[in-house]
Structure formats: structure tokens, C-alpha cells
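Quick caveat, the model's predicted, so the values are computed rather than measured.
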Amino acid sequence: GINSDYLGPVLRLHRGEFAEFNVKNNLNMPSTLHWHGVYLPALMDGGPHQEIAQGKVWKASYEIRQPASTLWYHAHTHRYTGPQVYQGLAGLFYVDDEYSQQADIPKTYGIDDIPLVLQDRNFHQDGSFRYVSNMHERMAGMRGNFILVNGTIRPLYRAQRRQTRFRILNGSNARIYNLHFSDNREFTQIASDGGFMPTPVRMKHLRLAPGERAEIIVEFGAKDDVMLQHKPLPTSNFGMGMGMMAMMMSGDDQPFNIMRFVSKNPGGEISTWQGVKHEQHDLNPANIVNTRTFGLDMAMGMGMMMNRMSGAGSGMTINNKSFDMNRIDEVVRLNDTEVWEFTNNSPLPHPMHIHDIQFRVLSRNNGPAELNENGLKDTVLVNPDETVRVITRFEHYTDERFPYMFHCHILEHEDQGMMGQFVVV
């Protein structure tokens, strides 16, 4: 954990503040601490290049330059991100601004503004975590049989307010959640990875891949008793040609309960609202100066196993290249507006994350993005046989020496090479 036995505290800062963090590594191995979704200099990113040796302190300092949003922080150690996050090196990071403080939405932390960190874990008989123990778990990503919310198994939440805001992080290594309530009630998503959405979305199901966040508002009535559940993902998510293989690779996707919500006589009625006023981030397609294409591939079978055993990388690649700490894959110019196009040629979905920036999803297989992808994001799920196009602009910081990362946020895939590096000049 971070300042605790498991997970870390919710950090909360205001836009315009200057933050300094002193991160001491008390582990018996190197580690890092990455600020996921934060605009910051590459030297402060906390990726593989900012490794903290055992017993040493790393100082990260930067200005909070983005709008109100729910971000997070986690270990990002070269080849050991999966096991270190699995053991608990992660926490939430809230950014506030003048719009979020004035908005007529639930915002009292712990009362009607509740963090939910979703994780799945396996355990040994002695109660310790069981991490990857076979090739299937390494290839498909580590998925557990027990669901934890904020580190708790079978959690219960007693609603105090009629409308409650939940900030949900998929902090799992590999599991994709398809969230819904047992009584099929509607809820409203008001924010995604990078902050408030231009238009809130009423929905009954919320798909959340590893690394993604969503803020939802749920209304509770008197004597409610409902479960937040996972519903198996439709096989259509896996593309036309790879559906059966993807299901075999990812395991038998079964429904399960995540968390119970009960209420007696909740109060605190919130007035009707159509959204949250916030600063719009201009990402005009007319300003696009470059399009970059990225092919996501996985070698299967004995070849991948032999590569892993030899230490020569793995079959997890982007544009047929496995991650190399000494290779810069992309060079981006400051203030350029670009399209990044991810094509998934593998049998498994890959949630793709880009460091330092937020983006908007332009299309999925040349069709429209999901309704709740109308806001800023830093992680997007790319299903098998799917091409996802995102638009972004690289602002604020340049560094020709220290790179940012882009990678699959299934952590076992990242550790095995599905990651690249870019510098902004």
C-alpha cells in the first residue's frame, strides 16, 4: 500500500495549485509512481524512466493544469507493473476547479460523493494474494475470483442522500466490467476519465475497462436494497472473426455481484440539472496535422512462451515492436493536433492509454463512438477486429530526452511489451 497496508489515500488538489510529492520506496525492489491522466512534465510522469531504488526518495513536483476530474496514481515499474499494482500500489487523485465547486451536484466527500475502486483478486489459503501462476493468466491478463471495492470483499453501502455520486475506477489488472444494478434502474454518467462530459448520458449499463474512470449519479428511494452487478459482455464486442477465440482466451465470463446498496429514508434532494458547466477543450478535426497508426498484435502459443523464458521480450507488440526502454517510437511537435489510430489484430481487447494528454474518441470502425465517450478520455478500449481513432493535442511540456508512454492497460500485456514511447519537442 501507499501510506497504508493496501491502496493509497485519495489525493485532492485544485486547478492552479503547485504540488510536490515525496515518494519513498520501502519495498525490497525498485518501484515507480505514475500519475495517470495528469498533465505534467515527462520527468515527473513516474513511468519506467523514473525508477525509485530501494530506500530512496523521489520528488515529483508540477502544477495542476487541468479541469476537475477523477484521476489516479499507481506503480509503473518496468516489467513489474502488474504484480505491484496487484499487491496494492494504487490510489485515487481528484482535481477540483471553480466549476466543480459551484456545480449543483453531489459533492460532499464520504456522504454523497463516494469513491469506488473496483479490483478482482485471487488468494492463497493463508489469505495472501495469488498472482500469475500459469501461461493463460499471463497471456489473457490476471483475473481474480473475488471482487474488491476499496479493498473490501462483499461491501455494503448505506445511502444517506437521495442522489449519490460515485466515482468509479476500474483498478483491475485485466478484467473489463459491464456494470448494472440488479433492479435494472437507470443512472446518469456525468464524467469520464478527463472530467465532466459535454452531455450527461442516461444509461442502465456501464462498460469500464482497466484504467478507465466514470462518475455516475444514482438516485435512491426509501427502503431500497439493490446490488451493483457485472453482466457478461456481449460476444459482439470481440469482432466478427475472433469472438470464439477471444472468449476462450479471456475465460468464461459469468455474472457476479460487486456491491450492495441499501437505504432507509434518504434525503438531500438535488435540483434538476442538465449537466455541469465546464471549460471546453477545443479539439477541432480541421486542425489535424498528423495521423499515426498503431497495430496491436499478440503472438500465440509456443513462440511466445519461448520468448518469455529467454527474456528476449514477448509476443505483445505495437506495430510489430515490443517495448524497448532505449527506443523512442514517436516524436510529436508541441501544440500539434493529431489523430492516433489503434487497430486491434489480436483475439483479446486492449484498453489503450496515452500519458500526459486527454483525447476525444472520434470513431469506432468508422462508425460513431459510444454515447458516453463524448468527453475527454485518456484510456480507450479497442476490441478485436476494431479500429479506434482518437484526436488529441500535445500541450504544455517538451523534453527531447525523457519520453512519455503509450500502452495497453491490461497490465500483464504492458509488462510483456505492448507499450511504446514518445517525446514532445
Give the minimum heavy-atom separation between [X] and [Y], together with the two atoms involved.
X: Arg207; Y: Glu212; result: O-OE1, 4.1 Å
X: Thr32; Y: Ile52; result: CA-CD1, 4.2 Å
X: Ser61; Y: Phe18; result: CB-CE2, 3.7 Å
X: Asp45; Y: His34; result: O-ND1, 2.9 Å
X: Ile2; Y: Ala90; result: CD1-N, 3.7 Å
X: Arg401; Y: Pro403; result: O-CD, 3.6 Å

Review point. Tyr177 and Asp120: side chain to side chain contact (heavy atoms under 4.5 Å, CB included), yes or no, with the steps?
Key: CA-CA 10 Å; Tyr177 296 95; Asp120 55 337; 3.9 Å; yes
For the atom pair [atom1] ([X]) and [atom2] ([Y]), what is the distance rounded to the nearest 0.5 Å?
X: Glu373; Y: Leu362; atom1: CD; atom2: CG; value: 11.0 Å
X: Phe196; Y: Ser69; atom1: CZ; atom2: OG; value: 9.0 Å
X: Leu7; Y: His74; atom1: CG; atom2: NE2; value: 12.5 Å
X: Gln87; Y: Leu27; atom1: CD; atom2: CG; value: 10.0 Å
X: Glu338; Y: Arg393; atom1: CD; atom2: CZ; value: 12.0 Å
X: Ile217; Y: Thr188; atom1: CD1; atom2: OG1; value: 6.5 Å

Practice item. Begin from the C-alpha positions of Leu228 and Tyr157 and carry the test side chain to side chain contact (heavy atoms under 4.5 Å, CB included) through to its verdict. Key: CA-CA 11 Å; Leu228 179 64; Tyr157 177 74; over 6 Å; no
Exercise for review: Determine, step by step, whether Tyr86 and Val132 satisfy the side chain to side chain contact (heavy atoms under 4.5 Å, CB included) criterion, reporting the C-alpha distance in whole Å, the side-chain angles of both residues, the deciding distance to 0.1 Å, and the verdict.
Suggested key: CA-CA 10 Å; Tyr86 196 84; Val132 169; over 6 Å; no
Please indicate whether [X] has more than 12 foreign heavy atoms, meaning atoms of other residues, nucleotides or ligands, lying under 6.0 Å from its [atom1].
X: Ile328; atom1: CD1; value: yes
X: Arg185; atom1: CZ; value: yes
X: Tyr80; atom1: OH; value: no
X: Asp5; atom1: CG; value: no
X: Asn3; atom1: CG; value: no

Polar contact flag, side-chain donor to acceptor under 3.5 angstrom, [X]-[Y]:
X: Asp253; Y: His230; result: yes
X: Asp193; Y: Gln358; result: no
X: Asn150; Y: Thr152; result: no

Point to revise | Audit row: Phe181, Phe261, side chain to side chain contact (heavy atoms under 4.5 Å, CB included) steps and yes/no | key: CA-CA 10 Å; Phe181 286 93; Phe261 298 82; 3.9 Å; yes
[Y] side chain reached by [X] side chain, heavy atoms, under 4.5 Å:
X: Asp112; Y: Gln163; value: no
X: Leu179; Y: Ile216; value: no
X: Trp340; Y: Phe359; value: no
X: Met44; Y: Trp35; value: no
X: Asn170; Y: His409; value: no
X: Phe93; Y: Ile64; value: yes
X: Met203; Y: Phe187; value: yes
X: Arg12; Y: Tyr109; value: yes

Got a donor-acceptor contact below 3.5 angstrom from the [X] side chain to the [Y] backbone?
X: Asp224; Y: Ser263; answer: no
X: Gln421; Y: Arg327; answer: yes
X: Gln66; Y: Gly37; answer: yes
X: Asn365; Y: Gly367; answer: no
X: Asp399; Y: Phe402; answer: yes
X: Arg175; Y: Leu118; answer: no
X: Thr164; Y: Val218; answer: no
X: Arg165; Y: Pro106; answer: yes
X: Gln229; Y: His180; answer: no
X: Gln50; Y: Gly47; answer: yes

Salt bridge or not for [X] and [Y], using N-O below 4.0 Å?
X: Lys107; Y: Asp96; answer: no
X: Arg260; Y: Asp225; answer: yes
X: Arg65; Y: Glu395; answer: no

Practice item. For Phe129 and Phe123, run ring pair (Phe, Tyr, Trp, His ring centres under 6.0 Å): C-alpha distance rounded to whole Å, both residues' side-chain angles, the deciding distance at 0.1 Å, then the answer. Key: CA-CA 4 Å; Phe129 288 126; Phe123 295 90; 5.3 Å; yes
Among [options], side chain to side chain contact (heavy atoms under 4.5 Å, CB included) partner for [X]:
X: Arg167; options: Asp113, Ile114, Leu116, Val10; answer: Asp113
X: Tyr131; options: Arg121, Glu412, Glu137; answer: Glu412
X: Met352; options: Leu296, Leu381, Asp378, Thr379; answer: Leu296

Exercise for review: Assert yes or no for the condition that the ring centre distance of Phe394 to Phe422 is strictly below 6.0 Å.
Suggested key: yes
Check your understanding: Between Tyr404 and Tyr397, is the gap from one ring center to the other below 6.0 Å?
Key -> no
Check your understanding: Looking at Phe406, does the NZ or CZ of Arg292 lie under 6.0 angstrom from its six-membered ring centre and within 45 degrees of the ring axis?
Key ->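 Not satisfied by the 6.0 Å and 45° rule.
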Exercise for review: Please say which of His353, His49, His407 ends up in a ring-ring contact (aromatic ring centres under 6.0 Å, His included) with His76.
Suggested key: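 Between His76 and the candidates, ring-ring contact (aromatic ring centres under 6.0 Å, His included) is satisfied uniquely by His407.
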Check your understanding: Does the side-chain hydrogen bond (donor to acceptor under 3.5 Å, both in side chains) test come out yes or no for Gln54 and Asn25, once each step is laid out?
Key -> CA-CA 5 Å; Gln54 181 181 0; Asn25 180 10; over 6 Å; no
